[in-house]
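Both ligands and their constituent atoms are indexed starting at 1 by order of listing. Excluded from the calculations below are hydrogen atoms, water molecules and symmetry mates; all remaining heavy atoms, backbone and side chain alike, are included.
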Amino acid sequence: MRRRYTEKVIPRGLILGIETSCDETAAAVVERGARTLASVVASQIATHARYGGVVPELASREHLRAIVPVVRAALEQSQIALSDLDAVAVTAGPGLAGALLVGITFAKALAYANKLPLIAVNHLEGHIHAVLLREREAQSAQDRGNADEPALALVVSGGHTHLFLAQPREGTWHYRLIGRTVDDAAGEAYDKVAKLLGLGYPGGPWIDALAEYGNPHAVPFAFAQVKTKAHLAGKTPRTKGAKTAPIARLDPRFLFSFSGIKTAVLRYVHLHGLRAEAQQRMDRLLAANDGEKPVVVKPPATKQAALALCSQATLDLIAGFQHAVVGDLMKKTFAAAESLGAARIFITGGVAANRELRVRFTQEARLRGAQVSFPTPALSTDNAAMIAAAAWPRLLACDFAPPGLTAEPSLALK
Ligand code: KG4
Ligand code: ZN
């Protein structure tokens, strides 16, 4: 049987988390997976924005630049010394190989030099623990008495749209893949649609901000059900992460596909003469950004500002797109929760910051007598507090990384 620590053996339970899987360099200190002492995120948005997407080589270079100051800031803000730490946790995958390696190499050296155990965390497990961290901070699950019940988790971000059944067993969490996208992730669709409409980068916050001024029923988009398993058998999914996931073995009711809606939006833009407007918008945003591509300026925050940037037809298109994406995420997530008998639902990842998504999931859960939880909006996107929180049960279980730990770009969550 595996060795286990009891909580009392570990005086403070302080874990330093490090996350460099994509385009944020992040470090955080979390106590016992339940209290965030510091969470520092250095975003590379400005670096990648001009290319309209993350450039892997630039990401690695930026992580190298940022990792030391970010870790130092996290320790300073939490007012602890390296000698106070009980463990170092780092994202091992999925993600960009070079980007992951920066965090892993740094975490290994830090752990070795300070005689601390090193814990490897799956990035997707981290996103799920962002919800658990919030629950523990608010003590809400304990109050409800369901902290140990299984949950259906939707991880929905720029790289992933995955459904997992998360089950706590003997102190650690176990995961079963229930569904996933067969092509683009939902956040990827947000980013691509924003780009073709001449909006800023990343697209999610822009579409979130503008959708509320459009009529969500003016442009009805529909999602076809992803067809049979046979049709997908043997095909490698096109998403970046967890390429090995066996799509053909999943229930087709819980498969997502977001590449079609991007094409549908593109077709609508051409058919309805919205192309020139999108080009002008991009030119204006660029000018407002001193010609620097793109456009890290904030999305409009009032109806007046939204209408100054977009025609009503474009706002309706944006609202229709978001309505359809959120509707599809809801339909499949609730169906999976129902079919698995999971009364708890976690929604996490960058797209979980979306306001319409939060409102509609919460309303639907109330109608169905289910319970839906989100991370705080800041912990929805990539951060290291979620990595440190996910590492706490692994520290108790003495589940340490091997000395030869290396980056696993397609690491699957189990
Ligand atoms: O989790 P995350 O920071 O990184 C990945 O692991 O991908 O997610 C980033 C994604 C981007 O596609 C971004 O456009 C999307 O999350 N996003 C949003 C919102 N905020 C970020 N999508 C919809 N609404 C938002 N408010
Ligand atoms: Zn992520």
ask   = Does the shortest distance from the Zn ion (ligand 2) to an N/O/S atom of His127 fall below 2.8 Å?
value =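 Yes - counting backbone and side chain alike, His127 has an N, O or S atom under 2.8 Å.
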Please list the nearest protein heavy atom to [atom] with its residue and the distance rounded to 0.1 Å.
atom	value
atom 22 (N) of ligand 1	Gly204 CA, 3.3 Å
atom 17 (N) of ligand 1	Gly350 O, 3.5 Å
atom 26 (N) of ligand 1	Asp208 OD2, 2.8 Å
atom 14 (O) of ligand 1	Asp191 OD1, 2.7 Å
atom 3 (O) of ligand 1	Asp382 N, 3.0 Å
atom 10 (C) of ligand 1	Gly158 N, 3.4 Å

task = Quickly, which of Asp183, Asp184, Asp191 forms a salt bridge (Lys or Arg N to Asp or Glu O under 4.0 Å) with Lys262? Name it, please.
result =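 Among Asp183, Asp184, Asp191, the one meeting salt bridge (Lys or Arg N to Asp or Glu O under 4.0 Å) with Lys262 is Asp184.
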task = Write the atom name of the N, O or S atom in Asp382 that is nearest the Zn ion (ligand 2).
result =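 Sorting the N, O and S atoms of Asp382 by distance to the Zn ion (ligand 2) puts OD1 first.
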message = Please give the atom name: the N, O or S atom of His123 nearest to the Zn ion (ligand 2).
response =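 Going by distance to the Zn ion (ligand 2), the closest N, O or S atom in His123 is NE2.
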Are any of the side-chain nitrogens in [X] or [Y] under 4.0 Å away from the carboxylate oxygens of its partner?
X	Y	answer
Glu277	Arg281	yes
Glu364	Arg368	yes
Glu137	Arg134	no
Arg72	Glu76	no

Would you give the length of the straight line joining atom [atom1] of [X] to atom [atom2] of [Y], rounded to the nearest 0.5 angstrom?
X	Y	atom1	atom2	value
Arg358	Ser380	CZ	OG	4.5 Å
Gln280	Leu309	CD	CG	11.0 Å
Ile119	Asp399	CD1	CG	7.5 Å
Glu125	Thr91	CD	OG1	10.5 Å
Thr333	Phe256	OG1	CZ	4.5 Å
Leu274	Leu197	CG	CG	8.0 Å

Which atoms of ligand 1 have any heavy atom of [X] under 4.0 Å away?
X	value
Thr381	1 (O), 3 (O)
Val351	16 (O), 18 (C), 22 (N)
Gly159	7 (O)
His123	6 (O)
Gly187	12 (O)
Pro205	19 (C), 20 (N), 21 (C), 25 (C)

Would you say [X] and ligand 1 have an N/O pair spaced under 3.5 Å apart?
X	answer
Glu188	no
Gly349	no
Pro202	no
Asn354	yes

Which segment of His160 sits under 4.0 Å of ligand 1 when only heavy atoms are counted =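 It is neither; nothing of His160 touches ligand 1.
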Residue part near ligand 1, for His127, under 4.0 Å between non-hydrogen atoms =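 For His127, the contact with ligand 1 is made by the side chain alone.
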task = Please verify whether a non-hydrogen atom of Arg355 lies at under 4.0 Å from ligand 1.
result =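 Judged by the 4.0 Å heavy-atom criterion, Arg355 does not count as contacting ligand 1.
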query = Does Cys22 have a heavy atom less than 4.0 Å from any atom of ligand 1?
reply =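 Checking ligand 1 against Cys22, which is what was asked, there is no heavy-atom contact under 4.0 Å.
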Shortest non-hydrogen separation from Ser78 to Leu37 and the atoms involved =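 That closest heavy-atom pairing would be CB-CB, 3.4 Å.
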message = For Glu62 and Gln44, which I'm curious about, is there any donor-acceptor pair between the side chains at under 3.5 Å?
response =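 No pair is found: no donor N or O on one side chain lies under 3.5 Å from an acceptor on the other.
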inquiry  = Pairing donors with acceptors under 3.5 angstrom, does anything connect the side chains of Ser21 and His123?
reply    =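 Yes, side-chain donor-acceptor contact under 3.5 Å.
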